[in-house]
Each structure stands twice: as structure tokens, then as C-alpha cells.
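Contents: one structure, followed by commentary.
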Amino acid sequence: MLTKSKYSNKEMFLWTRMATLRFMVYALVVGIFYELLGFYFLRIPWAPLAVIGTAVAFIVGFRNNASYGRIWEARKIWGGIVNTSRTWGMKTKDMVSNKHAKNPISEEELNTIKTRLVHRHIAWMAALRYSMRTPKPWEDFDKDKTNTEWAHMLNIPEKNTPLEEELTGLVSEEEKTYVLSKTNKAAAVLFQQSADLKYLHEEGLIWEFSFLELENILEELFTLQGKSERIKNFPYPRQFATRSYVFILIFSVLLPFAVLPEFHIIGINLTNNFPLIGK
């Protein structure tokens with residue numbers, strides 16, 4: 001991830017340098033035509049630009065609010081996954097015991113079961129993470145030249161390590177084969193988790209109430225996964241993005257034609273009032 005300590009505003013400026021440079025060159029060309037070549041007919045009044053600017057302000061404001069809403073929802077989902085994961089670790093640690101077991105097992109075997117449940121949960125998070133990183137047809141991050149140039153600064157393990165390797169050591173080979181064969185791999189892991197809880201409940205290693213509590217946590221994980229998939233699978237409407245782009249482009253193209261005459265007047269006033277520095 002990009003952090004303030006590692007990447008400064010200098011890098012962020014460099015990331016947008018081409019777009020900034022293109023606009024500066026465009027404004028410079030317009031200025032040359034207007035001031036040096038005397039193409040004064042290029043000036044336009046502020047009224048039409050103000051109308052377009054108002055539209056741009058509303059559209060961009062709506063877009064920013066909608067985008068921030070999606071980010072904030074994702075942040076709450078991530079927080080929910082973190083808290084529920086802690087709850088899962090706590091309850092599996094305390095609720096798997098020999099108290100109601102039909103055939104009591106050793107403490108070492110109990111610890112093995114607890115480790116298996118926790119590791120399978122980590123496998124679920126890995127599968128969900130890979131699912132969220134799966135490219136969608138409407139996502140164009142890798143198609144942008146600037147993003148491609150700076151992508152090496154981001155450590156994205158999902159692009160370098162296959163899910164199969166991530167699951168190794170977290171679940172058994174049989175479970176891994178089953179999970180990788182499914183379309184929704186994260187959901188497959190939760191189904192495996194539920195089946196394991198059922199087996200432990202039947203063996204008496206999990207009490208009836210504890211079994212229901214752990215199943216409720218799995219239900220919460222399914223809910224959080226569904227919320228994550230909702231954000232991933234429902235893109236920001238293309239119409240809003242296109243309109244924003246078109247209006248901003250029109251505003252940027254027309255802006256120099258309205259600004260230059262104003263600076264021209266300022267230059268004349270400076271020349272008249274301060275002839276030594278005006279020119």
C-alpha cells in the first residue's frame with residue numbers, strides 16, 4: 001500500500017505529471033495564439049463557462065460523494081471482517097473442549113482441531129482476497145499507461161502468487177482440491193468450516209450452544225463476504241463517469257480562452273501603473 005512515510009507528494013505529482021504537462025502545453029499554445037499572434041477572436045465570455053463550471057461542480061461533487069460512500073462502506077466491511085475474525089479465534093479457543101465429548105481426546109488433539117479451524121478461517125480470508133482482486137471487464141487499472149508505470153510500487157501478492165500456493169498449509173490437500181474446483185472459493189471454504197463444526201458437534205467436542213454461536217459467526221462471515229462481492233460486482237455507473245469526464249474535458253478546453261483576456265487586462269494595467277515591471 002502507498003503510505004505517507006514511504007511515498008511523498010513528489011511521487012503523487014509525478015504520477016499525474018503527463019496529464020498536467022498536456023494541459024500546460026495546451027494553455028501555452030492558446031496563450032501564444034492569443035498574445036503573440038493577435039488572435040483576439042479566441043476570447044470567450046465568462047457566462048457560458050460559468051454555466052459549464054456549475055454543471056461540472058454538481059457532477060463532480062456527486063461523483064466524489066458516491067465514490068467516497070463506496071470506499072467508506074468497504075472500510076466498514078473490512079472492519080467487520082477484522083472484528084469477526086478476532087471473535088472466531090476467541091470462541092474456537094474456548095468452545096472446543098472435552099466437557100461434553102463422547103470420547104474425550106488429548107489436549108494436543110484439541111489444539112490441533114482449534115488450529116485447523118483458525119487456519120481454515122485464514123484460508124477463507126485469502127480466498128476472499130483473491131476474489132476481490134479478480135479483474136472485471138469494466139476495470140481498467142492495468143490499461144492506463146500511468147498506472148502501469150507505477151504499478152511496481154504496489155505490492156500486490158495476488159498477482160505474484162497463485163491462490164493454490166496461498167492455501168497450502170492452511171487446509172488439507174483434499175480440501176484445497178475441493179475449494180479450487182468451485183467458482184466461489186471463499187464460500188466453499190465456509191461450507192467446509194460448517195461441515196467441520198457439525199462433525200465436532202456430533203462428537204460432543206462442541207456443546208450445543210457453542211455450535212450455534214460458531215454457526216452464527218459463519219453466517220456473519222457470509223454476510224460480510226456478500227457485502228464485499230456487492231461492491232466488487234456492481235461498478236460505478238458508466239454514464240456518470242462518462243458525463244463527468246466529458247464535462248470536465250469541455251471545461252478544461254474552454255478555460256484558457258476565458259482566462260487569457262482577464263490576464264491580458266491585468267497585464268495592461270500593470271504596464272500603465274508600473275511601467276518598469278509591467279512589460
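Computed over heavy atoms, backbone and side chain alike; hydrogens, waters and symmetry mates excluded.
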Value for CD1 (Ile206) from CG (Leu214), rounded to nearest 0.5 Å, stands at 5.5 Å

Residues Lys114 and Lys93: closest non-hydrogen pair is NZ-O, 2.9 Å

### Task
Evaluate the side-chain proximity of Lys136 to Pro235: yes if any heavy-atom separation is below 4.5 Å, no if none is.
no

Interatomic distance, CD1@Ile52 vs CD1@Ile248, rounded to 0.5 Å, equals 12.5 Å

Partner of Arg120 under side chain to side chain donor-acceptor pair (under 3.5 Å), picked from Thr92, Asp196, Thr115, is Asp196

Checklist entry - Would you call the rings of His100 and Trp207 parallel, tilted or perpendicular, where under 30° means parallel and over 60° means perpendicular? => result parallel

Q) Going only through I, L, V, M, F, W and Y residues with side-chain contacts under 4.5 Å, is there a path from Phe251 to Val29? A) yes

- Query: Are Trp124 and Val171 close enough that some pair of their side-chain heavy atoms sits under 4.5 Å apart?
  - Reply: no

**Asked** For the residue pair Phe33 and Phe257, is the inter-centroid distance of their aromatic rings smaller than 6.0 Å?
**Response** no

For a 4.5 angstrom cut-off between non-hydrogen side-chain atoms, does Lys185 reach Ser131?
no

- Crowded around Met90 CE? As in, over 12 foreign heavy atoms under 6.0 Å? yes

CG of Leu205 to CD1 of Ile105, rounded to nearest 0.5 Å, is 4.5 Å

Checklist line | ILVMFWY network linking Val60 to Leu254, side-chain heavy atoms under 4.5 angstrom | finding: yes

In short, Gly169 meets His119 closest at the heavy-atom pair O-ND1, 3.8 Å

| Applying the 4.5 Å side-chain criterion to the ILVMFWY set and letting contacts propagate, would Phe58 and Val56 be lumped into a single cluster? | no

Residue pairs passing the salt bridge (Lys or Arg N to Asp or Glu O under 4.0 Å) test with at least one member in residues 206-225, sequence neighbours excluded, are Lys91-Glu213

CG of Asn216 to OG1 of Thr84, rounded to nearest 0.5 Å, is 11.5 Å

Salt bridge present between Glu73 and Lys227 (N-O < 4.0 angstrom) | no

Single-linkage hydrophobic cluster, 4.5 Å side-chain cutoff, Ile59 and Val253 together: yes

(Q) Surrounding CZ of Phe247 (heavy atoms of other residues, nucleotides or ligands, distance under 6.0 Å), is the total greater than 12? (A) no

Heavy-atom nearest pair, Phe222 first then Leu190, reads CZ-CB, 3.5 Å

Check for a donor-acceptor pair, side chain of Lys102 on one end and backbone N or O of Glu202 on the other, with a separation under 3.5 Å.
yes

Smallest heavy-atom separation, Pro256 atom then Tyr26 atom, equals CG-CE2, 3.7 Å

What one should report as the nearest heavy-atom pair of Pro104 and Asn98 is CA-OD1, 3.5 Å

So CD1 of Ile122 and CG of Leu117: to nearest 0.5 Å the spacing works out to 11.5 Å

Q: Look at the aromatic rings of Tyr68 and Trp72 and report parallel, tilted or perpendicular, splitting at 30° and 60°.
A: parallel

Query raised in the report: Does Tyr199 OH have over 12 foreign heavy atoms under 6.0 Å away?
Result: no

Mind checking whether Leu221 and Gln193 have side chains closer than 4.5 Å, heavy atoms only? no

Checklist line | Residues Lys232, Glu229: salt bridge by 4.0 Å N-O rule | finding: no

Item to check | Arg70 side chain to Ile231 backbone, donor-acceptor under 3.5 Å | outcome: yes

### Message
Is it true that, when you exclude Glu203 itself, more than 12 heavy atoms of the residues, nucleotides or ligands shown sit nearer than 6.0 Å to its CD?
### Response
yes

Value for OG1 (Thr223) from CG (Leu218), rounded to nearest 0.5 Å, stands at 11.0 Å

Requested in this report: Decide if atom CZ of Phe191 counts as having more than 12 heavy atoms of other residues, nucleotides or ligands within a radius under 6.0 Å.
Outcome: no

**Message:** Would you say that Glu175 contacts Tyr178 through its side chain, given a criterion of any heavy-atom pair below 4.5 Å between the two side chains?
**Reply:** no

Shortest non-hydrogen pair, Leu224 vs Ile77, comes out as O-CG2, 3.7 Å

Quiz item: Are Glu108 and Asn111 close enough that some pair of their side-chain heavy atoms sits under 4.5 Å apart?
Solution: no

